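Since the structure is predicted, the reported quantities are computational estimates derived from the model, not experimental observations. Read the numbers this way: they start at 1 and go in the same order the structure lists the ligands and their atoms.
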Amino acid sequence: MTVVKRMRVKLALNFVFFVLLLYAAGGLSAIGIFKYGLHRAMDSLLIDLLAEIRPSVQVTEKGVPSLKSWANVALIERMPVLATIQLFNKDGTLLERYGPAGVPVVHNGRIQSQDKSVTVMSLSAPVTRHGTNFGILEVQASTAQDDRTLYELIFAVVIAIPIIGGLVAAAGYIFAGMALRPVERTMDLLRHFVADAGHELKTPLSVIEASVETLQEIHAQHNISSLETEMIRKASDRMKGLTADLIFLAKVEDPMAAFDKVSINLNHLVEEVADEYLPLAATRSVGLTLVEEESDIYIMAEPESFRQLLSNLLSNAIKYTDPGGKVNVLLKRDQLSPMIVVSDTGIGITDASLPNIFDRFYRTEKSRSRDGGGAGLGLAIVKAVADAHHATVTVESEIGKGSTFIVFVSATG
Ligand SMILES: Nc1ncnc2c1ncn2[C@@H]1O[C@H](COP(=O)(O)OP(=O)(O)O)[C@@H](O)[C@H]1O
Ligand SMILES: [Mg+2]
């Protein structure tokens, strides 16, 4: 994935996260407000009902409250009784009940029957005559309908989350793409600039190189040894390497440049690169070994860039290992994925530097003081080539003990 694409996905995901957060806050407040509204509506219903029935309560001569005469009228007039009306004596013993089954206790507020079959809102008021308390009148209404409505709302809010999430993700991805287009264009321009500048530098560099060579030949003929010409030669060599790296990096990172990936024998490639580095390892007195756990591992890759990836890892391993140390290249298969492990017993990398070593032009303090070092583009190239091949590179390192770079290759490229 290119940097811009990664940024695009990240932006879209952030967008989804914030919209869903807002949606959750909105949904929760809507549910809260709705619940409060239902509660208020039922409360005022019960208050009205209680006020309406209260005057119909009669108190017998024995001081017992009764609603019988009201009930007779209600029965004759076929008035439907939807609420539960209950009459208790002063001690809370149920005397009379009309309407559907409620919860036979004196209570104010929401209450559930013991068998949990009925849940009601209950409101009670004392039955008084001339200042004397004779009992308690209570009205109850079932909350079943309100509860069902509330659950339906909650269900609707929850069920909408994946739909909203999906739509927002799609919209976010499209918008992020639009917003990032200028960034992409700038990066494109920059890439082209680097590639063009690199190509333009090649010609004057070749002139310098050729001239220095001629100069050195002339010097040799006249038995002159010149430190300056040798310095110019070294500097032009480094510049040549640097321009080549820059051009290569610009090419590998170009999303438009489709790689011609072909099936290559990874064993052969690794053997060739290791052979190439045997002389360097020998001059530095570093032991270089190659272990192939499996033969005929084939991968889909662009041969030149993949060779460069291996070459950069190997040159680092040799460069950053002191004489007497060892570099080992291991080729194997982890489950189905081919895997290349380049380990050394070298100087190692500090934990603080590890996250940065794949950045362009990054070099650790220790490596700066070493001669023969590059400009810090080697691992940036390794990373870019790996990305272009859907491969991953991981590194483990301990200061003074050595480093291990592992390339997990995707067999299909
Ligand atoms: N095998 C290794 N052992 C120790 N340090 C390493 C190793 N490979 C890379 N590094 C560190 O990572 C830095 C970046 O590597 P690279 O991009 O190849 O740049 P360069 O080799 O040109 O310095 C190096 O400067 C070095 O500090
Ligand atoms: Mg390097």
Side-chain angles (χ1 to χ4, degrees), residues 3 194 198 201 234-253 270 273-274 276-291 304-331 339-389 391-408:
V3 181
V194 171
L201 280 172
K234 273 191 178 159
S236 97
D237 270 358
R238 287 191 65 164
M239 260 172 105
K240 216 171 128 189
L242 182 58
T243 34
D245 278 356
L246 279 174
I247 294 170
F248 189 85
L249 199 55
K251 197 177 90 189
V252 178
E253 285 192 334
V270 174
V273 178
E276 238 168 71
Y277 276 95
L278 275 176
L280 179 69
T283 44
R284 290 187 160 253
S285 308
V286 170
L288 175 59
T289 50
L290 169 62
V291 178
E304 252 339 282
S305 59
F306 218 80
R307 173 191 294 270
Q308 184 84 52
L309 178 153
L310 293 173
S311 164
N312 289 1
L313 287 181
L314 231 73
S315 90
N316 279 349
I318 297 169
K319 207 159 67 182
Y320 300 118
T321 299
D322 290 322
K326 283 191 177 64
V327 171
N328 184 44
V329 183
L330 171 66
L331 182 59
M339 195 168 137
I340 308 153
V341 186
V342 179
S343 51
D344 61 57
T345 58
I347 58 172
I349 305 160
T350 58
D351 284 346
S353 295
L354 268 184
N356 305 318
I357 54 168
F358 291 97
D359 293 347
R360 279 168 224 195
F361 297 111
Y362 181 87
R363 306 194 68 206
T364 60
E365 281 307 318
K366 270 199 168 167
S367 61
R368 272 175 215 281
S369 54
R370 298 208 148 210
D371 59 284
L377 285 175
L379 287 180
I381 288 175
V382 166
K383 176 83 174 39
V385 172
D387 279 352
H389 286 83
T392 51
V393 188
T394 60
V395 53
E396 276 168 31
S397 187
E398 203 176 322
I399 274 293
K401 287 243 168 98
S403 315
T404 303
F405 286 78
I406 305 177
V407 188
F408 292 94

- prompt: Taking NZ, NE, NH1 and NH2 as the nitrogens, is one of them in Arg307 or Glu276 under 4.0 Å from a carboxylate oxygen of the other?
  reply: yes
field: Heavy atom of Phe405, distance to ligand 1 below 4.0 Å
entry: yes
field: Heavy atom of Ser403, distance to ligand 1 below 4.0 Å
entry: yes
message: Show, in sequence, the C-alpha distance, side-chain angles and deciding distance for Phe361 and Leu377, and conclude whether the side chain to side chain contact (heavy atoms under 4.5 Å, CB included) test is met.
response: CA-CA 5 Å; Phe361 297 111; Leu377 285 175; 4.0 Å; yes
Tell me the contacting part of [X] for ligand 1: side chain, backbone, both, or neither, using a 4.0 Å heavy-atom threshold, strictly below.
X      : answer
Thr364 : both
Ala375 : backbone
Asp344 : side chain

- prompt: Going by atom types alone, do Ser397 and Ser403 pair a side-chain donor with an acceptor below 3.5 Å?
  reply: yes
Any heavy-atom pair between the side chains of [Y] and [X] that's under 4.5 Å?
X      : Y      : value
Tyr320 : Ile349 : no
Met339 : Ile406 : yes
Val327 : Tyr277 : no

message: Leu379 and side chain to side chain contact (heavy atoms under 4.5 Å, CB included): which single residue from Asp359, Leu313, Asn312 fits?
response: Leu313
query: In ligand 1, which numbered atoms sit nearer than 4.0 Å to a non-hydrogen atom of Ile357?
result: 12 (O), 14 (C)
- request: Provide the number and element of each atom of ligand 1 under 4.0 Å from a heavy atom of Gly348.
  value: 4 (C)
Any N or O of [X] closer than 3.5 Å to N or O of ligand 1:
X      : result
Gly378 : yes
Gly376 : yes
Leu379 : yes

Short N/O/S contact of Asn312 with the Mg ion (ligand 2) (below 2.8 Å): no
task: Might you confirm whether atom CZ of Arg360 has over 12 heavy atoms from other residues, nucleotides or ligands at distances under 6.0 Å?
output: no
